[in-house]
Amino acid sequence: MFYSTYYKLMKRRKTTKTGQFKTDEATLSKLKNKHEIIVKILNYRQQKKLKSTYVDALPKLANPTTNKIHTTYLQTVAATGRLSSNNPNLQNIPIRSEMGREIRKAFIPRGKDYKIFAADYSQIELRIIAEMSGDENMKNAFISGEDIHSATAAKVFRVELKDVDREMRSKAKAVNFGIIYGVSAFGLAQNLNIPRREAKEIIESYFEQYPKIKTFMDQSIELAKEKGFVETIMHRKRYLKDINSTNGIVRGHAERNAINAPIQGSAADIIKIAMINIHDEMKSRNLQSKMLLQVHDELVFDLFIPEEDEMIKLVTDKMENAIDFAVPLKVEYGIADNWLDAH
DNA sequence: TCAATCACG
DNA sequence: ACGTACGTGATTGAA
């Protein structure tokens, strides 16, 4: 029904690569005010997703012996060196929406003497860019413990830190994310729903304020073109066969990979080192708490309550000191009766 | 079987 | 002029 009539709400209707009209969340959200059906469709989609993927599926996967759900972690799938999780995927449990958060609440400790302990790296990828690029401005923001998105907003929009408003911080946050992925003015404009010209100015200002980040990105591409691969901090390689392609689109994709892979991959290296060190230490101390999950920049534990103080110290220490950086690595944590409240 | 969509970092 | 932000896995439904 929706596909065949397709209300004329846009000047240029976006299509997928097979020529279908796009109806994804990003596209529909921009049309929210054009027709009352849009919000209804989005809400319906969200509820179907949550019901089919989590509410209906997960309870069936409890192992009859353990009464628990067991995932499998794959170490040789993700090109950057991240883990992935399947059968079921426990790295994409909802948290962003109100309804989704209700699902996360269902993840609870094993018994009455236990709590969920969740510890996550704060801004690890931006800290890695700061470290790898050596950019003084970004390094100093982290060393002085500033909120990185506000600090970036102050620099990019050339105002005092105290004069950064919500909109400026939100835009700076989008650029910081974009940087990790290999921004284009178009992509940022699309993401923020602002004119491309404005996005271009923001990016230019960003690189003026963080000049070595620009250099680092250019050098990553340069290196990939010469050697055919890029490397993480622990020297995991990602080969980029298309880096010298004559097709600009294909090459552009490889160039963004050249920027992103060392950053995302180094974060994966670091949390893996932390996991090994934490496991070794828990074992040698005969602790009863258990490491349950890894979600890229977060570790989740089934915490035996008498071990609370010891575990907090052990885990934050091993995570923050997994690697020797000039830029500090910061870990935030929470302890609660379910995974949601442990954040 | 595969494209589209959407859940997460 | 072109297409355009990185990495995954599960579900659905058209082809």
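Below, chain A is the first sequence line, B the second, and so on; all start at residue 1. Both backbone and side-chain heavy atoms feed into the values below; hydrogens, waters and symmetry mates do not.
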Without decimals, in angstroms, what is the distance between [X] [atom1] and [N] [atom2]?
| X | N | atom1 | atom2 | answer |
| --- | --- | --- | --- | --- |
| A:R101 | B:dC8 | CZ | C1' | 14 Å |
| A:I69 | C:dA10 | CD1 | P | 13 Å |
| A:Y44 | B:dT5 | OH | P | 15 Å |
| A:F21 | B:dT5 | CZ | C1' | 18 Å |
| A:K49 | C:dA10 | NZ | P | 11 Å |
| A:L58 | C:dG9 | CG | P | 16 Å |
| A:K17 | B:dC2 | NZ | P | 12 Å |
| A:I124 | B:dC8 | CD1 | P | 21 Å |

[N] phosphate, OP1 or OP2: any side-chain N/O from [X] under 4.0 angstrom?
| X | N | answer |
| --- | --- | --- |
| A:S52 | C:dA10 | no |
| A:T53 | B:dC6 | no |
| A:R45 | B:dA7 | no |

Sugar-phosphate only, base, or nothing, as touched by A:Q46 at under 4.0 Å among non-hydrogen atoms: sugar-phosphate

Sugar-phosphate only, base, or nothing, as touched by A:L74 at under 4.0 Å among non-hydrogen atoms: sugar-phosphate

Is the shortest side-chain N to carboxylate O distance from [X] to [Y] below 4.0 Å?
| X | Y | result |
| --- | --- | --- |
| A:D56 | A:K51 | yes |
| A:E222 | A:K225 | no |
| A:D218 | A:K214 | yes |
| A:R285 | A:E307 | no |

Interatomic distance at P, B:dT5 relative to C:dA5, whole Å: 15 Å

Whole-Å C1' distance, B:dC6 and C:dC2: 28 Å

Contact list for residues 319-334 of chain A, test side-chain hydrogen bond (donor to acceptor under 3.5 Å, both in side chains), sequence neighbours left out: A:D317-A:N321

Listed once per pair and sorted, the side-chain hydrogen bond (donor to acceptor under 3.5 Å, both in side chains) pairs that draw on residues 180-193 of chain A, sequence neighbours left out: none

4.5 Å side-chain heavy-atom contact, A:F117 and A:M311: yes

For DNA chain C, the residues among residues 204-233 of chain A that have a non-hydrogen atom under 4.0 Å from it: none

Contact letters for nucleotides 2-8 of chain C, in which S counts primed atoms plus P, OP1 and OP2 and B counts the base, heavy atoms under 4.0 Å: -SBBBBS

A:R251 side chain vs A:S245 backbone, donor-acceptor pair below 3.5 Å: yes

Interatomic spacing from CG in A:L223 to CG in A:L240 - rounded to 0.5 Å: 10.5 Å

Donor-acceptor side-chain pairing of A:D24 and A:T27 below 3.5 angstrom: yes

Dot-bracket summary - DNA chain C, pairs being Watson-Crick or G-U whose distances fall under 3.5 Å, with | when paired to another strand: .....|||||||||.

Those residues that, when tested against A:N92, pass side-chain contact (heavy atoms from CB on, under 4.5 Å) (two or more places apart): A:Y54, A:N89

Closest heavy-atom pair and its distance - A:Q294, A:Q91: O-NE2, 2.8 Å

